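Before any comments, here is the structure.
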Amino acid sequence: MSLLKVENLTKSYRTFNSLFSHLSHPALQNVSFQLEKGESVGLIGENGSGKSTLARIISGIEKADSGHVWLNGTDIYQRKNRRQQISVVFQDYFSSVNPTMTVLQAICEPLLEQKQAAAKSLEPLVVQFLKKVNLSTDCLHKYIYQLSGGQAQRVCLCRALINNPSLIILDEALSSLDIVTQVQLLELLIELKNEFQLSYFFISHNIQMICYLCERVLFFKQGQIITQSDIENLAEIKSDYAQKLIRSVI
Ligand SMILES: Nc1ncnc2c1ncn2[C@@H]1O[C@H](COP(=O)(O)OP(=O)(O)O)[C@@H](O)[C@H]1O
Ligand SMILES: [Mg+2]
């Protein structure tokens with residue numbers, strides 16, 4: 001059974017073009033794919049092609065107009081399935097975590113939603129996770145807004161990991177960081193993937209990063225998967241659009 005099965009997802013947004021009329025703009029059109037346990041899949045596509053919409057729907061933040069998302073064979077919209085097994089990290093860390101929380105509070109928040117526990121009692125666990133993402137325990141009582149971008153994104157990763165998920169969705173999660181921090185976090189993602197037997201759904205406009213982290217890549221255009229390829233066969237890809245995206249960074 002696949003870890004993630006996405007079936008015929010369709011989503012449109014209404015945009016008002018005058019007071020009395022609106023246009024329906026399709027963001028996703030019949031998107032289907034599967035991701036096996038332990039496999040990591042990249043998603044690349046031009047701006048506005050619907051990548052973040054897909055990420056929000058798979059993580060259960062937003063509902064599709066039609067279609068299904070199955071995680072280990074169960075429907076994602078049953079809240080308990082989603083909470084424990086999928087985590088998501090976005091590009092803009094200040095929209096993922098409340099900047100006025102402390103690091104301890106931010107990392108504990110997903111656990112506190114499930115369990116009746118005090119943040120204080122979870123401190124030893126949080127310290128363990130801080131070590132895993134190479135953050136000093138001095139950070140524990142700092143506020144999120146006091147951290148650098150790279151540190152804040154490491155906190156978001158801790159938050160994503162603490163529920164022991166089987167899938168982490170990373171939506172341009174490294175894009176706003178400087179290149180040195182990007183490389184450090186990419187290496188960290190590989191270590192975490194091996195240690196926790198994680199799968200990633202890695203959305204990026206950087207094919208090199210996708211090649212480093214994933215076994216397969218989906219090419220996305222106007223809300224549709226145009227083509228896909230195993231990383232090792234990328235040189236043989238036929239689609240002009242895919243070739244253009246690959247060439248744009250190499
Ligand atoms: N909440 C929303 N309301 C209206 N339109 C939206 C909303 N979110 C996304 N869109 C539109 O859907 C399309 C896909 O957006 P998005 O998923 O953010 O693309 P990407 O992440 O690939 O850049 C865009 O045209 C965008 O303007
Ligand atoms: Mg996006």
Side-chain angles (χ1 to χ4, degrees), residues 4 6-33 35 40-69 76-77 82 86-97 149 152-153 156-157 159-160 167-178 181-182 185-186 189 199-211 213-214 216-229 237 239-249:
L4 178 74
V6 171
E7 238 177 16
N8 295 324
L9 285 187
T10 298
K11 175 80 184 176
S12 290
Y13 291 111
R14 285 171 153 211
T15 44
F16 289 88
N17 66 342
S18 77
L19 195 54
F20 303 109
S21 70
H22 66 261
L23 298 167
S24 189
H25 172 85
L28 298 181
Q29 305 183 57
N30 267 310
V31 175
S32 300
F33 68 94
L35 189 154
S40 290
V41 172
L43 179 71
I44 189 166
E46 57 197 8
N47 285 341
S49 55
K51 304 182 297 296
S52 294
T53 304
L54 181 59
R56 290 194 301 270
I57 290 174
I58 295 174
S59 54
I61 295 170
E62 202 171 315
K63 269 203 128 168
D65 296 337
S66 61
H68 290 281
V69 181
I76 201 102
Y77 290 119
R82 157 164 56 101
I86 298 189
S87 296
V88 57
V89 181
F90 293 104
Q91 173 174 2
D92 175 11
Y93 31 84
F94 283 157
S95 69
S96 316
V97 278
Q153 212 52 318
C156 290
L157 263 178
R159 225 177 111 89
L167 174 65
I168 299 188
I169 300 174
L170 299 144
D171 184 5
E172 305 272 6
L174 309 183
S175 303
S176 61
L177 305 171
D178 63 77
T181 313
Q182 282 189 354
L185 282 185
L186 206 54
L189 286 174
S199 287
Y200 294 128
F201 186 56
F202 184 70
I203 302 174
S204 172
H205 56 263
N206 187 326
I207 191 78
Q208 283 166 321
M209 286 196 190
I210 291 177
C211 290
L213 200 63
C214 303
R216 190 155 56 95
V217 56
L218 312 177
F219 292 87
F220 214 55
K221 185 182 185 184
Q222 292 173 355
Q224 288 173 305
I225 298 172
I226 297 288
T227 186
Q228 57 174 295
S229 171
I237 201 154
S239 149
D240 289 344
Y241 176 71
Q243 287 183 359
K244 196 181 88 190
L245 287 175
I246 293 169
R247 275 200 306 270
S248 68
V249 279

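Read the numbers this way: they start at 1 and go in the same order the structure lists the ligands and their atoms. Please read these numbers as outputs of a predicted model, since none were measured by experiment.
Considering backbone and side-chain N/O atoms, G50 comes within less than 3.5 Å of an N/O atom of ligand 1. The shortest N or O to N or O distance between K51 and ligand 1 is below 3.5 Å.
The nearest heavy-atom contact from the protein to atom 1 (N) of ligand 1 is Y13 CE2, 3.8 Å. Protein heavy atom in closest approach to atom 18 (O) of ligand 1: S52 CB, 3.8 Å.
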Between S248 and K244, does a side chain to side chain contact (heavy atoms under 4.5 Å, CB included) hold up when you go through it step by step? CA-CA 6 Å; S248 68; K244 196 181 88 190; 5.9 Å; no
In sequence, state the C-alpha distance, the side-chain angles, and the governing distance for L189 and L157, and then conclude on side chain to side chain contact (heavy atoms under 4.5 Å, CB included). CA-CA 9 Å; L189 286 174; L157 263 178; 3.7 Å; yes
Side chain to side chain contact (heavy atoms under 4.5 Å, CB included), that's the test. Do S176 and Y93 meet it? Break it down for me. CA-CA 9 Å; S176 61; Y93 31 84; 4.0 Å; yes
Begin with the C-alpha distance, continue with both residues' side-chain angles, and end with the deciding distance and a verdict on side chain to side chain contact (heavy atoms under 4.5 Å, CB included) for V69 and L9. CA-CA 8 Å; V69 181; L9 285 187; 4.0 Å; yes
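Taking the side chain as every heavy atom from C-beta outward, N8 and N30 approach each other to under 4.5 Å. With a 4.5 Å cut-off on side-chain heavy atoms, I207 and L245 do not count as touching. Residues Y200 and V89 form no side-chain contact, since every pair of their non-hydrogen atoms from C-beta on lies 4.5 Å or further apart.
Using a cut-off of 2.8 Å, one finds that N47 contributes no N/O/S atom close to the Mg ion (ligand 2).
Protein heavy atoms are absent from the 4.0 Å sphere centred on atom 26 (C) of ligand 1. Checking atom 22 (O) of ligand 1 against the protein gives a heavy-atom contact under 4.0 Å.
Counting the atoms of ligand 1 from 1 in the order shown, those under 4.0 Å from a heavy atom of A27 are 12 (O). The ligand atoms of ligand 1 that sit less than 4.0 angstrom from a heavy atom of H25 are 25 (O). Counting atoms of ligand 1 from 1 in the listed order, those under 4.0 Å from a heavy atom of S49 are 19 (O), 20 (P), 22 (O). Below 4.0 Å from some heavy atom of N47 lie the following atoms of ligand 1, by number and element: 23 (O).
Proximity of the aromatic rings of F220 and F33 is defined here by a centroid distance below 6.0 angstrom, and this criterion is not met.
Residues L174 and Q182 share a closest heavy-atom pair of O-NE2, 2.9 Å.
In this structure, R14 does not count as a contact residue of ligand 1, since none of its heavy atoms falls inside 4.0 Å of the ligand. The shortest separation from a heavy atom of G48 to ligand 1 is under 4.0 Å, placing the residue in contact.
Residue T53 holds the heavy atom nearest to atom 16 (P) of ligand 1 of all those in I203, T53, L43, T15.
No option in S204, S175, S96 other than S175 meets the side-chain contact (heavy atoms from CB on, under 4.5 Å) test with Q91.
Counting heavy atoms under 4.0 Å from ligand 1, residue R56 touches it through the side chain alone.
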